[in-house]
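Chain letters run A, B, ... following the sequence lines, proteins first and then strands; every chain starts at 1.
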There are 2 protein chains.
Amino acid sequence: MSLATIKEIAKLANVSIATVSNVLNQKPGSASPEKVEKVLKVAKSLNYRPNYLAQSLKRQRSRSIGIIAEDLTVSQTAEIINGIEEYCEEYDYEALLANMRLFKRYGNNLSAIPERSVLFNRAFDNLVSKQVEGCIYIGYHGREVSFSPPDTGLPFVYTYCVPKDKSYPYVLSDDENASLEIGRALISMGHRRIGIISGPVNSFNSQKRLVGIQQALFEASIPYNVGTTVIGDWTRECGYHAASQLLSQGVTAIYAFSDKMISGVYTYCIEHRISVGKDISLFGFDDSDIVHAYTPPLASAKPDLQEMGHKAAELVLAQLQGKTVCTKCHVLPCTIHVRPSVCSIGEA
Amino acid sequence: MSLATIKEIAKLANVSIATVSNVLNQKPGSASPEKVEKVLKVAKSLNYRPNYLAQSLKRQRSRSIGIIAEDLTVSQTAEIINGIEEYCEEYDYEALLANMRLFKRYGNNLSAIPERSVLFNRAFDNLVSKQVEGCIYIGYHGREVSFSPPDTGLPFVYTYCVPKDKSYPYVLSDDENASLEIGRALISMGHRRIGIISGPVNSFNSQKRLVGIQQALFEASIPYNVGTTVIGDWTRECGYHAASQLLSQGVTAIYAFSDKMISGVYTYCIEHRISVGKDISLFGFDDSDIVHAYTPPLASAKPDLQEMGHKAAELVLAQLQGKTVCTKCHVLPCTIHVRPSVCSIGEA
DNA sequence: GTGAAAGCGCTAACAG
DNA sequence: CTGTTAGCGCTTTCAC
């Protein structure tokens with residue numbers, strides 16, 4: 001019933017617990033072949049599994065890093081965690097997850113909820129308590145995150161968000177460049193009046209994406225027209241409303257900073273018999289599941305979430321090896337998927 | 001730098017470690033008010049956090065349950081985990097996650113990959129090693145799962161899958177009843193020729209959903225026509241192909257066992273100028289993000305994943321309290337969302 | 001009230 | 001090669 005210990009193995013195998021430990025840890029030449037065999041046999045028959053708690057306590061080493069996720073159910077989080085775990089596995093580390101469930105508790109409206117910092121501290125304490133050797137924070141919507149770890153010299157890395165306290169490294173997708181490429185693609189296809197549906201201004205993602213598209217316009221000597229930029233809130237609904245506003249201004253293409261918002265535009269177009277990929281070109285961001293649900297499929301930019309996880313883990317493990325890492329923003333390229341929802345301006 | 005211990009607190013507060021421990025654990029009347037205050041002050045100043053490893057080792061109690069997820073990035077998994085965590089939090093337990101990354105490694109083709117059991121054993125050992133008091137297995141696509149925990153009397157509960165070994169409880173959504181309701185809804189709207197796009201036959205979900213719709217037909221004395229059932233593989237592509245086959249047979253409604261498959265049908269309809277919600281009624285399953293992306297929005301059935309997580313956790317914790325739980329299938333209702341993608345047969 | 005001491009399961013000197 | 005021993009940080013009798 002209760003778990004076997006090395007003590008029991010030692011008794012049954014007629015050896016000392018030290019020998020059992022040595023054998024189990026494969027210390028070279030520390031036991032005769034017969035004893036090795038005996039110990040291994042007894043261990044297997046007892047279905048022995050080392051007690052991680054005791055092991056780590058004794059070794060003073062957990063070989064684990066913590067993940068503080070703002071919300072596990074927000075679409076990007078799982079992919080990032082997956083990336084972290086992949087990287088950790090390679091280096092024989094493991095990841096411990098603390099999920100704050102922020103979105104489940106408060107939705108998108110995270111501002112001015114003091115309770116949040118309680119949740120953060122609880123999550124952090126929990127992880128430290130478990131002796132993690134480092135920690136990765138996963139935000140959402142690229143918000144600015146105001147909490148940072150109290151004192152400890154624990155390696156701490158942020159991802160998918162921007163820490164207020166710039167003394168920690170953070171990992172983001174290169175939204176600016178992605179946006180630049182999107183702009184170039186649209187412009188190269190002849191579009192000059194491009195409507196933009198931005199995310200909220202407090203989102204770092206929004207900021208960067210805006211700068212990128214502006215840069216593309218600038219390169220092509222097309223003046224940026226604030227009048228054809230609508231500020232949205234990431235929802236389908238706002239995309240829908242923005243569509244009518246933008247289309248009435250005669251834009252030939254609409255670039256929304258999320259697939260969800262562009263999906264509202266899509267709905268508007270259908271309702272008004274505007275043919276996507278013919279009468280109007282549409283570009284989204286995130287490359288979420290819904291892009292393939294449309295006819296024609298939606299063009300979008302895909303952040304490499306897995307790679308962001310890798311990078312974040314790399315930054316933590318590097319610090320654990322004593323390397324100093326740059327406490328700056330580490331930026332990873334997106335992939336631009338141009339799909340039939342965009343077309344050249346003469347083609348229609 | 002390194003973490004403070006009760007020993008250090010004891011020294012600084014001029015008390016014994018036993019007193020520190022008593023104070024920190026709020027043992028009533030075990031220390032004078034002055035000492036309590038002193039200890040608390042020192043603890044705070046040292047930023048003390050109890051060592052979970054040592055604590056649990058000593059207490060012989062981890063107050064944690066393990067989660068073995070087949071793949072964290074499969075859409076339903078995170079929601080279920082969220083539910084488990086919510087339930088655990090109420091009872092002062094916590095969840096430890098072991099992610100096998102099965103989908104990331106092998107995609108949908110999980111059959112005949114012997115390595116899988118290695119991954120399962122590794123995950124299970126890892127969790128047991130950490131002294132979890134129980135375990136929840138989260139599958140995907142309602143497959144039959146052939147691995148079960150080796151020996152240990154550890155409470156073990158499956159969810160979103162069906163264990164081959166029926167001596168463990170498992171939690172599923174009530175797909176049969178959901179399907180029955182979908183069938184009734186369609187029939188009540190006048191549909192008699194209903195095309196079905198099933199998932200793979202080895203999916204328990206497929207089986208149940210098929211039985212449900214058959215039951216609805218039976219109730220209405222409509223003979224079930226195998227010729228208008230296509231077996232798909234959960235993908236959009238197969239939905240697309242099934243659509244042409246089904247529509248040529250003159251069905252007035254198509255019910256696909258996943259939103260993804262129905263989304264292929266949607267594409268087919270657009271390409272062939274068949275008006276969804278007028279010329280044809282469409283019903284999906286899962287109620288995923290994409291249902292709102294369509295115009296008109298897609299009708300679908302929503303499994304209560306969060307509640308499934310709650311239930312699974314409940315079944316584990318109940319066993320920990322010595323209660324015996326039913327080692328049967330525990331089934332949770334879905335919500336049926338009828339949306340404008342379906343219409344009455346005369347309405348068109 | 002308070003502290004000394006034992007011990008949770010394990011690893012790592014160290015002696016033999 | 002093998003076993004004895006100390007001790008990781010903590011909780012918990014049990015004397016005082």
Side-chain angles (χ1 to χ4, degrees), chain A residues 1-40 42-43 46-64 125-133, chain B residues 1-40 42-43 46-64 125-133:
Chain A
M1 189 75 269
S2 105
L3 273 44
T5 67
I6 50 168
K7 210 191 254 178
E8 299 170 46
I9 297 177
K11 182 173 287 175
L12 288 174
N14 271 314
V15 296
S16 72
I17 59 162
T19 299
V20 175
S21 176
N22 284 332
V23 170
L24 260 23
N25 287 307
Q26 310 193 57
K27 290 263 187 303
S30 62
S32 65
E34 306 87 64
K35 301 221 170 190
V36 170
E37 198 192 355
K38 188 78 187 286
V39 167
L40 257 24
V42 175
L46 255 37
N47 226 311
Y48 174 78
R49 291 185 199 81
N51 184 324
Y52 170 86
L53 269 26
Q55 238 175 5
S56 299
L57 176 60
K58 177 61 199 179
R59 293 209 244 249
Q60 295 287 79
R61 193 95 200 289
S62 70
R63 290 202 79 83
S64 69
D125 286 351
N126 179 291
L127 258 16
V128 170
S129 198
K130 289 183 178 152
Q131 314 299 111
V132 296
E133 302 174 21
Chain B
M1 191 73 274
S2 106
L3 273 43
T5 67
I6 51 169
K7 208 190 257 177
E8 298 169 47
I9 298 177
K11 181 173 287 173
L12 289 174
N14 271 315
V15 295
S16 72
I17 60 164
T19 297
V20 176
S21 176
N22 284 332
V23 170
L24 260 22
N25 288 308
Q26 310 193 56
K27 290 264 187 301
S30 64
S32 64
E34 307 86 63
K35 302 219 169 188
V36 170
E37 198 192 358
K38 188 81 187 284
V39 167
L40 258 23
V42 175
L46 255 38
N47 225 310
Y48 174 77
R49 292 184 199 83
N51 183 325
Y52 170 85
L53 269 25
Q55 240 174 2
S56 300
L57 176 61
K58 178 63 198 172
R59 291 210 245 249
Q60 296 287 79
R61 192 94 200 291
S62 69
R63 290 203 80 83
S64 69
D125 287 351
N126 179 290
L127 258 15
V128 170
S129 198
K130 286 181 180 153
Q131 313 301 108
V132 296
E133 301 173 20

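Of the inter-residue distances, the one linking A/Tyr52 atom OH with B/Asn126 atom CG reads 8.5 Å to the nearest 0.5 angstrom. Atoms CD and CZ, on B/Gln131 and A/Arg49 in that order, are 10.5 Å from each other to the nearest 0.5 Å.
Contact annotation: B/Tyr48 reaches the phosphate of D/dC10 (side-chain N/O to OP1 or OP2, under 4.0 Å). Regarding contacts with the backbone of C/dG9, a side-chain N or O of B/Gln60 is found under 4.0 angstrom from either OP1 or OP2. OP1 or OP2 of C/dG7 has not a single side-chain nitrogen or oxygen of A/Lys7 nearer than 4.0 Å. OP1 or OP2 of C/dT11 has at least one side-chain nitrogen or oxygen of A/Gln55 nearer than 4.0 Å. Between A/Thr19 and D/dG3 there is a side-chain polar atom (N or O) within less than 4.0 angstrom of OP1 or OP2. Side-chain nitrogen and oxygen atoms of A/Lys58 include none within less than 4.0 Å of the OP1 or OP2 phosphate oxygen of C/dC8.
Comparing D/dT11, D/dT4, C/dG9 by their closest approach to the side chain of B/Ile17 singles out D/dT11. Across D/dC8, C/dT2, D/dG3, the shortest atom-to-atom separation from the side chain of A/Ser16 is found for D/dG3. Checked against D/dG9, C/dT11, C/dA13, the side chain of A/Ile6 finds its nearest nucleotide in C/dT11.
Side-chain atoms of A/Ser129 come within 3.5 Å of backbone N or O of B/Pro50 as a donor-acceptor pair. A/Glu133 places a side-chain N or O within 3.5 Å of a backbone atom of A/Ser62 that can act as its donor or acceptor partner.
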Using residues 6-14 of chain B as the side-chain source, report each donor-acceptor pair under 3.5 Å to any protein atom, sequence neighbours left out, with the distance given to one decimal.
| unit_1 | atom_1 | unit_2 | atom_2 | d |
| --- | --- | --- | --- | --- |
| B/Glu8 | OE2 | B/Thr5 | N | 3.4 |

List the atom pairs, donor and acceptor, that lie under 3.5 Å between side-chain atoms in residues 16-23 of chain A and the rest of the protein, sequence neighbours left out.
| unit_1 | atom_1 | unit_2 | atom_2 | d |
| --- | --- | --- | --- | --- |
| A/Ser16 | OG | A/Ala18 | N | 3.4 |
| A/Ser16 | OG | A/Thr19 | N | 3.2 |
| A/Ser16 | OG | A/Thr19 | OG1 | 3.2 |
| A/Ser21 | OG | A/Asn25 | ND2 | 3.4 |
| A/Asn22 | ND2 | A/Ala18 | O | 3.2 |

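Sorted by residue number, the members of residues 22-32 of chain B with any non-hydrogen atom under 4.0 Å from DNA chain D read B/Asn22, B/Asn25, B/Lys27.
The nearest whole Å value for the distance from the CD1 atom in A/Ile9 to the C1' atom in C/dC10 is 12 Å. Between B/Glu8 atom CD and D/dG9 atom C1' there is a gap of 11 Å when expressed in whole angstrom units. The interatomic distance linking A/Lys11 (NZ) with C/dC10 (C1') rounds to 17 Å, in whole Å. Between the C1' atom of D/dG9 and the CZ atom of A/Arg61 lies a distance of 18 Å, rounded to the nearest Å. Straight-line distance from the CG atom of A/Asn51 to the C1' atom of C/dC8: 8 Å, rounded to whole Å. Summarising the geometry, the separation between CZ on A/Arg59 and P on C/dG9 is reported as 17 Å, rounded to the nearest angstrom.
The shortest distance between side-chain heavy atoms of A/Val15 and A/Val39 falls below 4.5 Å.
Within the nucleic acid shown, B/Leu53 has no heavy atom closer than 4.0 Å to any nucleic acid atom. Here A/Thr5 lies in heavy-atom contact (under 4.0 Å) with sugar-phosphate atoms only.
Projected onto DNA chain D by closest heavy-atom contact, B/Ala18 and B/Ala54 fall at different nucleotides, the more 5' of which corresponds to B/Ala54. Of the two residues near DNA chain C, B/Val15 and B/Leu57, the one whose nearest nucleotide lies more 5' is B/Val15.
A/Gln60 approaches A/Leu57 most closely through the heavy-atom pair OE1-O, 2.9 Å.
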